[in-house]
Amino acid sequence: MFFVATLLLYLGSLVQKLPRSFYLRPTLQVAKKLLGKHLVRIHHGKKLVGKIVEVEAYGRDDPASHSFRGKTKRNEVMFGRAGHLYVYFTYGMHFCANVVTGPEGKGEAVLIRAVEPIEGVEAMIKNRLQVSGGAGVKRGLRISPRLLSPLSPALTNGPAKLCQAFAIGKEENGADLLGDEIFIVAGDKLPASMIGRSSRIGIRNGVDKQWRFFVRGNKWVSR
DNA sequence: TGGACGATCCCCT
DNA sequence: GGGGATCGTCCAT
């Protein structure tokens, strides 16, 4: 039964995965095109799906980017092949997930800041409530259950929140988005009028750049 | 080898 | 709106 379910999930994923060429394009273009796409995570035989509703682009010669000071052990995935996941650890307790974009060696990526839950909501809630053990979960982090009803935006309306909900942690750093555990598929087609734009959140340098994109009026967008 | 800090989140006022 | 939690990474000694 488990095997059959896994096989069906695998077969379903073959057809619609975004190709490598999607991620090889200029970073700002990829960022905008990612809005409305579906992030899929296969975890413990369950399928979790979220519609991407908020992203931020991080480029070369960008003082806000981890890649600004060159390649290090921490950010090496950013300099690797497009279409891989760059997951970093921050504030001593949170993970954030990025999609590597553009030509290899450039060090560009798109941070996924928020998703709207589409499928597997109960598993997402479970992952968010878990206090110890498991990817993306650190001891001592407590979330009040009342915040996490199935339709609560608090479930996935931030980069660290969605990583927790989707069980994305340091183990997933470097994962290939053309693989079978985490990938992105075509979702909703969004008219340009639905896309909002602003400066990026939580950074000191590079605030002049309007490199945050979001789906207007969507309640899972952060802030 | 140490210290400052961070692409955040949650709770409290 | 403000502060505390908490730790890996990086750079300056």
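A, B, ... follow the sequence lines: proteins, then strands. Residue 1 opens every chain. Quick note: numbers below take in every heavy atom, side chains included, and nothing from hydrogens, waters or symmetry partners.
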* Atom P, compared across C/dG1 and B/dA7: separation rounded to whole Å -> 22 Å

* **Spacing of A/R223 atom CZ relative to B/dC9 atom C1', expressed in whole Å** => 12 Å

* **Ring geometry between A/Y88 and A/H66 (parallel below 30°, tilted from 30 to 60°, perpendicular above 60°)** => perpendicular

* To do: Calculate the interatomic distance between A/N157 atom CG and B/dC10 atom C1'; express it in whole Å.
  => 12 Å

* Asked: Which of these nucleotides, B/dC10, B/dA7, B/dT8, is closest to any side-chain atom of A/R128?
  -> B/dC10

* **Atom-pair distance (NZ on A/K170; C1' on C/dC7), nearest Å** => 11 Å

* Kindly check if the number of other-residue, nucleotide or ligand heavy atoms within 6.0 Å of CZ (A/R69) is above 12? => no

* To do: Identify whether any heavy atom of A/I203 sits under 4.0 Å from a base atom; if not, whether one sits that close to sugar-phosphate; answer base, sugar-phosphate or nothing.
  => sugar-phosphate

* Of the candidate nucleotides B/dC9, C/dA5, B/dA7, which contains the atom at the shortest distance from the side chain of A/Y58? -> B/dA7

* Hey, which of A/I112, A/V115, A/V121 is the one that makes side chain to side chain contact (heavy atoms under 4.5 Å, CB included) with A/T156? -> A/V115

* Between CD of A/E181 and NE2 of A/H43, what distance do you get to the nearest 0.5 Å? -> 9.0 Å

* Asked: Would A/R20 count as a cation-pi partner of A/Y23, with NZ or CZ less than 6.0 Å from the six-membered ring centre and within 45° of the ring normal?
  -> no

* Shortest non-hydrogen contact from A/L35 toward A/E54 -> CD2-N, 3.6 Å

* Stretch residues 69-83 of chain A: residues that reach within less than 4.0 Å of DNA chain C through a heavy atom -> A/R69, A/T72, A/R74

* Position toward the 5' end of DNA chain B (nearest nucleotide), A/A154 or A/I201 -> A/I201

* **Any A/M78 side-chain heavy atom under 4.5 Å of A/N98 side chain** => no

* Asked: For the pair made of CZ in A/R204 and C1' in B/dC5, what is the distance, rounded to whole Å?
  -> 9 Å

* Asked: Rounded to the nearest Å, what distance is computed from the CG atom of residue A/N98 to the P atom of nucleotide B/dT8?
  -> 11 Å

* Between B/dA7 (P) and A/F214 (CZ): distance, integer Å -> 21 Å

* Side-chain N or O of A/H94 less than 4.0 angstrom from OP1 or OP2 on C/dT6? -> no

* Quick one: is A/K161 getting a side-chain N or O under 4.0 Å of the B/dC10 phosphate, OP1 or OP2? -> yes

* Watson-Crick or G-U wobble mate for B/dC11, both contacts under 3.5 Å -> C/dG2

* **Connected via hydrophobic side-chain network under 4.5 Å: A/V53 and A/L34** => yes

* Could you state the atom-to-atom distance from OH of A/Y86 to P of B/dA7 in whole Å? => 9 Å

* **Pair assignment for C/dT9, Watson-Crick or G-U wobble, requiring both distances under 3.5 Å** => B/dA4

* Within the stacking criterion (centroid distance below 5.5 Å, interplanar angle below 30°), does A/Y88 stack on B/dA7? -> no

* Could you state the OH-C1' distance from A/Y91 to C/dT9, rounded to the nearest angstrom? -> 14 Å

